[in-house]
Amino acid sequence: MAQQQGGGNETKGIATRAEDYSQWYLDIVKRAELAEHSAVRGCMVIRPQGYAIWEKLQRELDDRFKATGHVNAYFPLFIPLSFLAKEEQHAAGFAKECAVVTHHRLKSLDGKVQVDPESKLEEPLVVRPTSETIIWNQYKNWIQSYRDLPLLINQWANVCRWEMRTRLFLRTAEFLWQEGHTAHATEAEAREETLRMLGVYADVAEHVMAMPVVQGAKSEGERFPGAVESLCIEAMMQDGKALQAGTSHFLGQNFAKASEVQFLSKEGKLEYPYATSWGVSTRLMGALIMTHSDDAGLICPPKLAPIHAVVVPIYRKDDEKAKVLEEAGKVCAELRAKGLAVKLDDRDLHPGAKYYEWEMKGVPLRIEIGPKDLEKGSLCLVRRFAIEQEGESEAEQRKRKKSFVARAEALASVPALMDEMQAQLLERARNLRARRTRVLDSLAEFEAWFKGEDDGGFAWVHWAGGRAEEEQMAERFKTSIRCIPLEGQYPAGAEGPGTCLLTGKPSARRVVMAKAY
RNA sequence: CGGGGCGUAGUUCAGCUUGGUAGAACGCCUGCUUUGGGAGCAGGAGGUCGUGGGUUCAAAUCCCGCCGCCCCGACCA
């Protein structure tokens, strides 16, 4: 193991995926300095390394929102309790995980600063778990005519869901996200919007995060509270479990009715607009980590890497140092001129220490420059990862990641190398998912796979059960319907009707079942 | 909410059973030697031991209360 050095590795090593997948994930988050626990239960601190990735992800998403006609706005953090209560299903769905503000003042009592009991709010304020109700309350003022539609708004915000159990990035009490809230004159238009934004999410997942996803609809039991239909993208993590990576909901007229929003149509009729809402969160950071990283640390796709390449100078004596640093500076400048983010690591540390650190932090490319390179006019390029080959030793793989290339050629090759690594990561993730995907027709096969040692994966199975049957599957196998895939999402041989593996009833199409985060 | 664990230096932890001057490793700072896969030596800085009370000549240690965090499970748009 690369990280097992010099015997006492307690403070240096991280758990391997094979040993303890869950611990491995936590180790990466911590050691790559992406995030850490705060003093507040369930709330994390996103550190600069992690936030830089989130910012790039935000940019990719935001550009696409703008390109599809949306604009950004901002609504309050606090939602009056009565607003949340307006849509019954919605309120019930979030009731168990709300933070509530009940007072507005502190007071020194018995020498201690405490909540002033006399400052009780007339109406409690809920810290938004999602913003449909407060936004639609505002839309009431903005929508009167069909000419006001469609209304296409997105908000970047933090939300709070008082989860019983939290995990860094994957489920935290407070998290960052974006939530799009749109209003449309017709159902068809709103449904089209729901699909369009799901497509945007799938595009970002695959082509920015290099993370393949299945696009589909949620079953009734997994639907967003208040939605008519919930669409989602589901990704597979390296342990075979599913992670819901984004959702796009068709809300029908539920919120318009709850907030009494109506508009006059072209025909002069008073109508309720149709709504959508869609969101992705900092959970995507967890997805990114668990999709690509290895036992040496984070692997970050070039499109999201805050640093594309790190330059590590190598020298012995002062005169060597001066020459090497001069060359390193030039190399950095030339790469930056190509639009790459390059870091010169000239700290007074041994090169090996820097290698381990930047590998842990997931920088795609390392460039070593030493006296030998100056002499030969070459650069040493070391990729963060190489596609695994069967039967290959670690030493062999390490060698394959490293290449000595003539200076000009090396510099010219970097942009293409980034594209290549981006593509390889997607391919690698696709292959991994394919290895853990099965089209199954019997409960016996299903049971064997999910009760086996490796937790199964994505099972494409025929399904005609209802909520009760879903719960039965959850109890027996800890699996759930991740989604009912959209047309075009089905792998070869999985299309068409069949019979439900549990009930034996006829089924129109297969669904994806898996264990989930 | 159930089960388990933990709160002592920046971090990870030892010390607690059997009360008696606050410890280690890593990290950090300084100097010298080093630098192509986690450097070595020497010196140094750094802690009201989570919190409130009790027992005692004396409490990190024993007793009682409280608070907080982590992990596993239940739950989870």
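Keep in mind the model is a prediction, meaning the values are calculated, not measured.
- Atom C1' of nucleotide B:U34 and atom CZ of A:Arg347 are separated by 17 Å, given to the nearest angstrom.
- Residue A:Pro129 is out of contact with every strand shown, counting any heavy-atom pair closer than 4.0 Å.
- In this structure, A:Tyr355 does not count as stacked on the base of B:G37 under the 5.5 Å centre distance and 30° plane angle limits.
- A donor and an acceptor atom, one from each side chain of A:Trp278 and A:Asn154, are nowhere located under 3.5 Å apart.
- No contact: A:Arg167 has no heavy atom under 4.0 Å from any strand.
- Using a 4.0 Å heavy-atom cutoff across all strands shown, A:Gln23 reaches no nucleic acid atom at all.
- For A:Trp449, the side chain to side chain donor-acceptor pair (under 3.5 Å) criterion is met by no residue, not counting sequence neighbours.
- Taking only side-chain atoms of A:Glu359, from C-beta outward, the nucleotide of B:C76, B:G37, B:A74 with the closest atom is B:G37.
- With sequence neighbours excluded, no residue satisfies ring pair (Phe, Tyr, Trp, His ring centres under 6.0 Å) with A:Tyr315.
- If you take atom C1' in B:U35 and the same atom in B:G40, they sit 12 Å apart, rounded to whole Å.
- The side chain to side chain donor-acceptor pair (under 3.5 Å) test applied to A:Tyr517 returns A:Asp239, not counting sequence neighbours.
- Nucleic acid contact class of A:Ser22 (heavy atoms, under 4.0 Å, all strands): sugar-phosphate only.
- Between B:C64 and B:G38, the distance separating the two C1' atoms is 48 Å to the nearest Å.
- Evaluation of the ring pair (Phe, Tyr, Trp, His ring centres under 6.0 Å) rule for A:Phe458 yields no partner, not counting sequence neighbours.
- When distances run from any side-chain atom of A:Glu97 to the nucleotides B:C76, B:G37, B:G36, the shortest one goes to B:C76.
- In this structure, the NZ atom of A:Lys218 is 12 Å from the C1' atom of B:C76, given to the nearest Å.
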Contacts table for residues 321-330 of chain A: side-chain donor-acceptor under 3.5 angstrom, sequence neighbours left out:
from: A:Glu327; atom 1: OE1; to: A:Arg407; atom 2: NE; distance (Å): 3.4
from: A:Glu327; atom 1: OE1; to: A:Arg407; atom 2: NH2; distance (Å): 3.4
from: A:Glu327; atom 1: OE2; to: A:Arg407; atom 2: NE; distance (Å): 2.7

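- Which of B:G36, B:G38, B:C75 sits closest to the side chain of A:Ala353 comes down to B:G38.
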Would you tabulate the nitrogen or oxygen pairs shorter than 3.5 Å linking the protein to nucleotides 50-52 of chain B?
none

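- With sequence neighbours left out, A:Phe94 forms a ring pair (Phe, Tyr, Trp, His ring centres under 6.0 Å) with A:His90, A:Phe224.
- A distance of about 16 Å separates the P atoms of B:C62 and B:G5, rounded to the whole Å.
- None of A:Val29, A:Ile289, A:Val363 except one satisfies the side chain to side chain contact (heavy atoms under 4.5 Å, CB included) rule with A:Leu298; the exception is A:Ile289.
- Applying the 6.0 Å contact sphere to CD of A:Glu396 captures more than 12 heavy atoms from other residues, nucleotides or ligands.
- Between B:A42 and B:A25, the two P atoms lie 12 Å apart (nearest whole Å).
- How far SG of A:Cys380 is from CZ of A:Phe404: 4.0 Å, rounded to the nearest 0.5 Å.
- Put simply, CG on A:Asp27 is 12 Å from P on B:U12, counting in whole angstrom units.
- Residue A:Phe175 is in base contact, counting any heavy-atom pair closer than 4.0 Å across all strands shown.
- A heavy atom closer than 4.0 Å to some atom of RNA chain B occurs in A:Ile314, A:Tyr315, A:Arg316, these being the qualifying members of residues 305-331 of chain A.
- A:Gly93 comes within contact range of no nucleotide atom at all, as no heavy-atom separation falls under 4.0 Å.
- Considering only side-chain atoms of A:Leu26, the nucleotide from B:G36, B:U34, B:C71 that sits closest is B:C71.
- The strand RNA chain B forms stems, runs of 3 or more Watson-Crick or G-U wobble pairs with distances below 3.5 Å, at B:1-7 with B:67-73, B:10-13 with B:23-26, B:28-33 with B:39-44, B:50-54 with B:62-66.
- As a whole-Å value, the separation of A:Ile367 CD1 from B:G36 P is 19 Å.
- Among residues two or more places apart in sequence or in another chain, the side-chain contact (heavy atoms from CB on, under 4.5 Å) test is passed with A:Thr68 by A:His70, A:Arg196, A:Met197, A:Val200.
- In this structure, CD of A:Glu163 is placed 15 Å from C1' of B:C1, rounded to the nearest angstrom.
- OP1 or OP2 of B:G36 sits under 4.0 Å from a side-chain N or O of A:His350.
- Nucleotides B:C75 and B:G37 place their C1' atoms 46 Å apart, quoted to the nearest Å.
- When heavy atoms are screened at a 4.0 angstrom cut-off, A:His37 is found touching the sugar-phosphate backbone but no base atom.
- Taking A:Trp162 as the reference, nothing meets the ring pair (Phe, Tyr, Trp, His ring centres under 6.0 Å) condition, with sequence neighbours excluded.
- Contacts of A:Arg41 with the nucleic acid, taken as non-hydrogen atoms under 4.0 Å apart, involve only primed sugar atoms and P, OP1 or OP2.
- By the side chain to side chain donor-acceptor pair (under 3.5 Å) test, A:Ser119 is found to be paired with no residue, residues two or more places apart in sequence or in another chain being considered.
- At a threshold of 4.0 angstrom between heavy atoms, the contacts of A:Gly42 are confined to the sugar-phosphate backbone, with no base atom among them.
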